[in-house]
Undergrad: 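Handing you this structure, nothing more for now.
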Amino acid sequence: AQTVTQSQPEMSVQEAETVTLSCTYDTSESDYYLFWYKQPPSRQMILVIRQEAYKQQNATENRFSVNFQKAAKSFSLKISDSQLGDAAMYFCASARPNRDDKIIFGKGTRLHILP
Amino acid sequence: NAGVMQNPRHLVRRRGQEARLRCSPMKGHSHVYWYRQLPEEGLKFMVYLQKENIIDESGMPKERFSAEFPKEGPSILRIQQVVRGDSAAYFCASSPGPQYEQYFGPGTRLTVT
């Protein structure tokens with residue numbers, strides 16, 4: 001079974017600083033995807049970044065980057081130059097594209113941006 | 001290109017009533033997924049449908065819940081005889097097929113009084 005664990009229920013960061021959100025996962029699959037989703041107060045789920053397990057290079061999207069440690073089953077999200085609009089719930093998630101395609105979510109980390 | 005649409009956005013039902021949640025996938029998408037988010041929790045998979053077929057319903061409660069995705073029209077998640085514990089946000093996502101990115105709708109917040 002797949003599991004995704006986020007051990008930080010809440011985090012705070014000063015505006016313009018860098019913050020790292022932690023995530024660990026467990027899977028017996030060799031082929032899987034990992035994601036970070038953002039859920040602002042509007043509740044809309046927004047895909048922030050996606051990583052294919054077979055790719056060694058860490059994915060980046062503008063100010064967002066991941067540190068994918070496959071052996072350790074760790075997938076952390078780094079947000080650089082934090083902005084007020086980054087305040088949201090962040091969910092780490094995984095999927096098995098060749099099995100059932102459903103996305104398994106962690107419980108989330110609530111990120112506060114301090115002005 | 002309109003995104004995934006869900007309606008209603010908010011639904012209030014009394015205990016024992018039926019709730020019908022609708023999801024219109026993005027144009028060209030024939031795969032629909034339903035997820036439930038309880039307060040202060042992550043989303044949990046409920047059911048995966050393709051047009052006229054249920055592919056995976058392993059996350060669906062065995063009783064009172066059903067889902068369909070007919071050849072024409074939106075996907076429907078139906079909850080019969082709702083109870084307080086059904087209060088949650090229900091999200092629909094769509095994709096053109098397996099292994100493609102799932103695009104999420106804005107969710108329907110169901111409140112059972």
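Chain identifiers are assigned alphabetically (A, B, ...) following the order of the sequence lines, protein sequences preceding nucleic acid strands; residue numbering begins at 1 within each chain.
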Undergrad: With sequence neighbours excluded, give me every disulfide bond (SG atoms under 2.5 Å apart) pair touching residues 43-74 of chain B.
TA: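 Listed by first then second residue: nothing to list.
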
Undergrad: Got a sec, which residues hit side chain to side chain contact (heavy atoms under 4.5 Å, CB included) with S80(A), two or more places apart in sequence or on another chain?
TA: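 So S80(A) forms a side chain to side chain contact (heavy atoms under 4.5 Å, CB included) with T18(A), K78(A).
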
Undergrad: If you measure from the Lys or Arg side-chain nitrogens to the Asp or Glu carboxylate oxygens, is any gap between E29(A) and R96(A) under 4.0 Å?
TA: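 Salt bridge between E29(A) and R96(A), a charged N being under 4.0 Å from a carboxylate O: yes.
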
Undergrad: Highest number of heavy-atom pairs under 4.5 Å with chain A: which of G42(B), G107(B), A89(B), G59(B)?
TA: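 Sorted descending by pairs with chain A, the first entry is G42(B).
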
Undergrad: Indicate the ring-plane relationship of F35(A) and Y33(A), choosing parallel, tilted or perpendicular according to the 30° and 60° boundaries.
TA: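 Perpendicular.
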
Undergrad: Sort out for me which residue in H31(B), Q102(B), H29(B) forms a side chain to side chain donor-acceptor pair (under 3.5 Å) with S94(B).
TA: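 Single side chain to side chain donor-acceptor pair (under 3.5 Å) partner of S94(B) among H31(B), Q102(B), H29(B): H29(B).
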
Undergrad: With a 4.5 angstrom heavy-atom cut-off, could you sort out which part of Q39(A) is near chain B: side chain, backbone, both or neither?
TA: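 The side chain, not the backbone.
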
Undergrad: Could you look at F91(B) and say if it's the side chain, the backbone, both or neither that has a heavy atom under 4.5 Å from chain A?
TA: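 Only the side chain of F91(B) comes within 4.5 Å of chain A.
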
Undergrad: Could you please state which residues from residues 45-68 of chain A sit under 4.5 angstrom from chain B, measuring non-hydrogen atom to non-hydrogen atom, sorted by number, or 'none'?
TA: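 M45(A), L47(A), R50(A) fall under the 4.5 Å cut-off.
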
Undergrad: Taking a hydrophobic cluster as the set of Ile, Leu, Val, Met, Phe, Trp and Tyr residues connected by side-chain heavy atoms closer than 4.5 Å, whether directly or through intermediates, do L111(A) and F75(A) fall within one such cluster?
TA: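 In one cluster with L111(A): F75(A), yes.
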
Undergrad: Pick one of side chain, backbone, both or neither for E101(B), based on which atoms fall under 4.5 Å of a heavy atom in chain A.
TA: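 When you check distances to chain A, atoms from both the backbone and side chain of E101(B) fall under 4.5 Å.
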
Undergrad: Provide the full list of disulfide bond (SG atoms under 2.5 Å apart) pairs with a residue in residues 50-89 of chain A, sequence neighbours left out, each pair given once.
TA: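 Passing the test, one end in residues 50-89 of chain A: no pairs.
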
Undergrad: Strictly below 4.0 Å, N to O, side chains only: are K51(B) and E72(B) in salt-bridge contact?
TA: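 Judged by the 4.0 Å cut-off on N to carboxylate O distance, K51(B) and E72(B) do not form a salt bridge.
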
